[in-house]
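The next block holds one structure in the form of structure tokens; read it before the comments.
Counting starts at 1 for both ligands and their atoms, following the listed order.
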Amino acid sequence: MYLKSLKLINFRNYNQLALEFHPKINVFVGENAQGKTNILEAIYLTSTAKSFRTSKDRELIKFDKDRAYIKVEGKKRYTDTTVELKLEEGKKKQIKLNGMTLSKNSELLNNVYVVVFSPEDLKLIKEGPSERRKFIDNEIAQMKPSYFHHLNRYNKVLMQRNNLIKKIYHNKKLMDTLDIWNEKLIELGTKLMMERERFVTRINLLSRLIHRKITENKENLEVRYMSSIELKNDFKDTLESFRKTLQEALDVDLQRGTTTFGPHRDDLGVFVNGIDIRSFGSQGQQRTCALSLKLAEIELIKGETAEYPILLLDDVMSELDIKRQTFLIKALKDVQIFITTTEMNHLNELNVNKEYIFHVKNAVVYNESM
Ligand SMILES: Nc1ncnc2c1ncn2[C@@H]1O[C@H](COP(=O)(O)OP(=O)(O)O)[C@@H](O)[C@H]1O
Ligand SMILES: [Mg+2]
């Protein structure tokens with residue numbers, strides 16, 4: 001799919017903005033703090049109803065205003081789609097999909113598909129496990145909104161179980177109520193783990209092929225789902241395995257006042273030619289692996305939804321050498337890409353249509369033909 005247009009009113013530092021996009025490459029160039037990422041953020045919001053930078057809607061509304069508006073028009077294989085968001089201070093955001101107001105934000109998912117690639121993502125491999133869990137969760141949720149719902153419920157149940165465990169330490173009588181929370185935790189947790197396992201298996205196959213191409217057959221990439229619970233072939237057995245681990249860990253949990261095992265402790269193992277690249281990879285290797293994973297994610301979304309997602313490259317091109325840049329653009333010839341950069345020089349090879357090089361200066365956007 002691709003986006004045809006974007007409209008903003010009072011969003012971040014913009015008063016009003018109306019842009020038409022190219023179905024392939026669009027570049028936003030300008031100095032820091034001018035409003036480039038704000039545009040990508042607005043696009044991302046029309047996909048997930050959330051920002052990739054803040055959880056506070058207030059921050060999205062222009063400082064001196066009390067409401068903001070975002071609209072995109074997109075083209076999909078068989079249909080067009082319009083998404084509108086209205087943000088108002090102190091109110092729930094209002095979302096319209098093709099003119100119809102949604103009753104829940106999650107109904108927006110599975111419509112506009114977006115993949116973001118930022119310098120933080122380049123660090124995905126060397127960061128801690130929580131970043132890699134976030135990567136897995138976001139990708140699954142985008143294709144499967146019910147996953148997002150289960151994840152939220154799991155996190156709530158986990159918090160409640162942790163609170164209870166801290167209280168039990170002082171008041172043993174509360175032990176009776178623990179079972180209820182345990183059962184909820186293992187049921188939701190098993191759903192998450194099985195979904196994650198399925199996702200990682202597929203991303204492994206796709207990223208392996210891509211990684212071979214980028215490294216000219218020198219490196220064999222393998223990603224593995226590393227769960228703190230022993231996974232079995234079916235739901236019931238995995239549920240049982242989680243239950244058993246919880247029981248065995250009860251004393252440790254009570255001592256530490258927290259839940260030691262479960263999907264909130266999972267990780268994604270990343271291996272190159274059998275070596276754990278999280279600890280032993282060079283920076284270059286770690287970055288190439290991150291790139292392979294991101295590209296695999298794009299193929300996966302295409303496979304699941306029959307639509308290519310839109311790719312947002314926030315300040316990431318200048319971090320890649322020419323070889324990787326060229327590979328990226330070539331591999332994505334059917335994908336609409338939005339690039340932000342402070343420097344046009346290193347993008348010369350891409351031959352971007354001048355009309356779609358947008359200069360961004362203090363929330364004013366112009367191109368050479370404007
Ligand atoms: N709610 C807001 N109202 C007005 N300006 C904002 C708001 N949020 C951020 N900004 C401004 O937006 C600018 C940052 O925009 P951003 O898109 O991140 O810049 P960059 O061009 O470096 O990507 C900063 O000048 C910041 O002060
Ligand atoms: Mg930026």
Mind running side-chain hydrogen bond (donor to acceptor under 3.5 Å, both in side chains) on Arg133 and Asn138 for me, showing each step along the way? CA-CA 9 Å; Arg133 277 197 298 275; Asn138 285 342; over 6 Å; no
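- Some N or O of Ala33 is nearer than 3.5 Å to an N or O of ligand 1, by distance alone.
- Within the structure, ligand 1 has Asn32 among the residues with a heavy atom less than 4.0 angstrom away.
- Under the 4.5 Å side-chain contact rule for hydrophobic residues, Leu206 and Phe271 do not share a cluster.
- With a 6.0 Å radius and a threshold of 12 heavy atoms from other residues, nucleotides or ligands, Lys166 has its NZ atom above the threshold.
- Considering Tyr14, Phe28, Phe63 only, the shortest heavy-atom separation from atom 3 (N) of ligand 1 involves Phe63.
- Checking each of Thr48, Thr46, Thr81, Thr305 against Asn111 for a side chain to side chain contact (heavy atoms under 4.5 Å, CB included) leaves exactly one that passes, namely Thr81.
- Counting backbone and side-chain atoms alike, Asn38 contributes no N/O/S atom closer than 2.8 Å to the Mg ion (ligand 2).
- Near Glu31, the atoms of ligand 1 lying under 4.0 angstrom from a non-hydrogen atom of the residue are 21 (O).
- Looking at ligand 1, you won't find any N or O of Arg58 less than 3.5 Å from one of its N or O atoms.
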Quick one, Glu219 with Gln285, criterion side-chain hydrogen bond (donor to acceptor under 3.5 Å, both in side chains). Give me CA distance, side-chain angles, the key distance, then yes/no. CA-CA 9 Å; Glu219 291 188 0; Gln285 261 178 331; 3.2 Å; yes
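- Counting the atoms of ligand 1 from 1 in the order shown, those under 4.0 Å from a heavy atom of Arg12 are 1 (N), 2 (C), 3 (N), 4 (C), 5 (N), 6 (C), 7 (C), 8 (N), 9 (C).
- Using a cut-off of 4.0 Å between Lys/Arg side-chain N and Asp/Glu carboxylate O, Glu187 and Lys191 are scored as salt-bridged.
- Centroid-to-centroid, the aromatic rings of Tyr308 and Tyr2 stay 6.0 Å apart or farther.
- Ligand 1 is approached by Ile61 to a heavy-atom distance shorter than 4.0 Å.
- Selection from Arg53, Glu41, Lys62 by nearest heavy atom to atom 18 (O) of ligand 1 gives Arg53.
- Within 4.0 Å of atom 26 (C) of ligand 1, not a single protein heavy atom is present.
- Near Gln34, meaning under 4.0 Å from any of its heavy atoms, are these atoms of ligand 1: 19 (O), 20 (P), 21 (O).
- Of the options Asn362, Asp64, Asn13, the smallest heavy-atom separation from atom 11 (C) of ligand 1 is shown by Asn13.
- Under a hydrophobic clustering in which Ile, Leu, Val, Met, Phe, Trp and Tyr are joined whenever their side-chain heavy atoms come within less than 4.5 Å, directly or via other members, Phe148 and Val112 fall into different clusters.
- Distances shorter than 4.0 angstrom occur between a heavy atom of Gly35 and an atom of ligand 1.
- Under the rule for a side-chain hydrogen bond (donor to acceptor under 3.5 Å, both in side chains), Gln160 has no partner lying at least two apart in sequence or in another chain.
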